[in-house]
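These notes are about the structure you will find just below.
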Amino acid sequence: MNASHSLYRWPRAATLILASIGVWVALAEEKPSDLTTSFDTWFAACDDLPTNRKLELPYPPRDVLPLKTFSLLGTLLDLFNERCRTGPLAKEDHWLGRFPDKETFFHPSKIPSFETPFQPFAQRLQLPPGSEVILHGDLHGDVRSFLHSLKALEDRGYLKDFKIIKPNAHMLFLGDYTDRGMYGVEVIYTLMRLKLMNPDNVWLVRGNHEDIKMVAKYGFLHEGKYKYGPAFNQRKVTRIYSFMPVVLYLGCENTYVQCNHGGIEPGYSVKNLLGSPAEKRYELISKLNRADYLRAHPGLIDEVDNVSARFLKLLYQNFIPRSPTSPNHLGFLWTDYTLQAHEPALRWDDSRPGWTWGQLGTRQFLDYVSAGPEGPRVQAIFRAHQHNRGRNPMMSRLLASKGIFEHWQKQDVESLTDANVAELEAALSTDAKRSLTDGSVYTLNVSPDSIYGLTADYDFDTCVILTLQPKLEDWKMEILNATVPFPKAEGAQGQSPPEQP
Ligand SMILES: [Mn+2]
């Protein structure tokens, strides 16, 4: 062998050695270390984390964190923001009416509603018959439950390694990704992996906690600073909120359902967007025309109690929203619904505080934003926004209904208002597969590794799989509940029965 041969052979040998070291390091480390970390590795790294229930709000030790630095999440957020600034959202043809301002809406780092104007928008997602859309409610920093649901979806053939593998399947998340639980960073990482792997099949709507004021108050910014110190780039994290629609209308041909976090915002009607050519997917909500809504429904003020009537007159003005909460709360992110059909059309609820919509008020709104029997119609609402400590009437209904409750069911009579879960199970829809009711609202439960799961005593995480068809009566929803294992409390584990003498 001559000298030149051995010179050629050396780099190949070195490459082989380095490659084997790389594999060995990857196997030994078993910590997520790059943007292509497998789902199984990520699942394993998160499943052993101390539960939110056990932590009861102090933070997990830093050495158990699956992401050791902020940089990986930062890179994913950069990719997401970049896609929003250059992808379908940035195409002028996709917007009905005014195109968002290039200098502000698409600014790479400035924070809307503080440094640039608040520019909320609605989205239409029209899909072919037979498409399936997987919905999920509030996650609130509960990464373990989230991953157990994703694993269940893998087992059902929907997902493989963050990739949606079932044709015409989509995922739609209904907001409130962080705060209240200690793994908001990990939830956002998971959502970004899903979105970037399936940019045209994963959708994130904005919850009332996708707001810098809320994450400053309810834990997420503190969580980030605790985990990564000054490297936690809160500007980068909160910048993504304004690329999330505040409401998404999901439809097949002329049949739509409204998907959003909270309730109804009568100051915006999606009628024009749904009546536009299919290429129009987005519309800015530049102004809230609540006074116009009230004028169009003069009977509403007579339907409500005196306090609610006062608040209607005070808050139902036409105005330009300056933030999700000013000059007052955006209804798509914030409001609620009554439970039973006999309750009023609309009421001001001082305990939340905010509006609670009843069956009649909701019916009027759905008719208002629909084009009539021949045109596009919004026929039902899917939403989340749950934080029920203990088994109040709403949580009992969510549990009895296996994680998704249909409001105003005929069988849910007044005498059942405070019924327990077993009594409600006997009366309400509880099947794993259900059909949809025109004019109904469906509420999804919050993930179980939280103070809510603990005090209301449930351990399942819920996904709802909607199958879309041209007529609402042919739509189907299937409820998928993943059981989330909770280790026994440490005290209980440490105790063994006294030995017999
Ligand atoms: Mn909420």
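Counting starts at 1 for both ligands and their atoms, following the listed order. FYI, the numbering just counts along the sequence from 1.
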For this session: Give every residue pair that meets the salt bridge (Lys or Arg N to Asp or Glu O under 4.0 Å) criterion with at least one member in residues 206-222, sequence neighbours excluded.
Result: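 Output for this query is empty, none listed.
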For this session: Any pair with a residue in residues 307-320 that passes salt bridge (Lys or Arg N to Asp or Glu O under 4.0 Å), sequence neighbours left out, goes on the list, sorted by first then second residue, please.
Result: none
Exercise. For the residue pair His407 and Phe405, is the inter-centroid distance of their aromatic rings smaller than 6.0 Å?
Worked result: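 Ring centroids of His407 and Phe405 are less than 6.0 Å from each other.
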Exercise. Is it true that Phe162 and Phe39 have ring centroids separated by less than 6.0 Å?
Worked result: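 Aromatic pair counts; centres sit under 6.0 Å.
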Exercise. Of His140, Gln386, His387, which meets side chain to side chain donor-acceptor pair (under 3.5 Å) against Asp176?
Worked result: His140
Exercise. What residues, two or more places apart in sequence or in another chain, satisfy ring pair (Phe, Tyr, Trp, His ring centres under 6.0 Å) together with Trp355?
Worked result: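 Checked Trp355 against ring pair (Phe, Tyr, Trp, His ring centres under 6.0 Å); matches are Tyr316, Trp348.
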For this session: State the count of protein N/O/S atoms located less than 2.8 Å away from the Mn ion (ligand 1).
Result: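 Counting protein N, O and S atoms closer than 2.8 Å to the Mn ion (ligand 1) gives 4.
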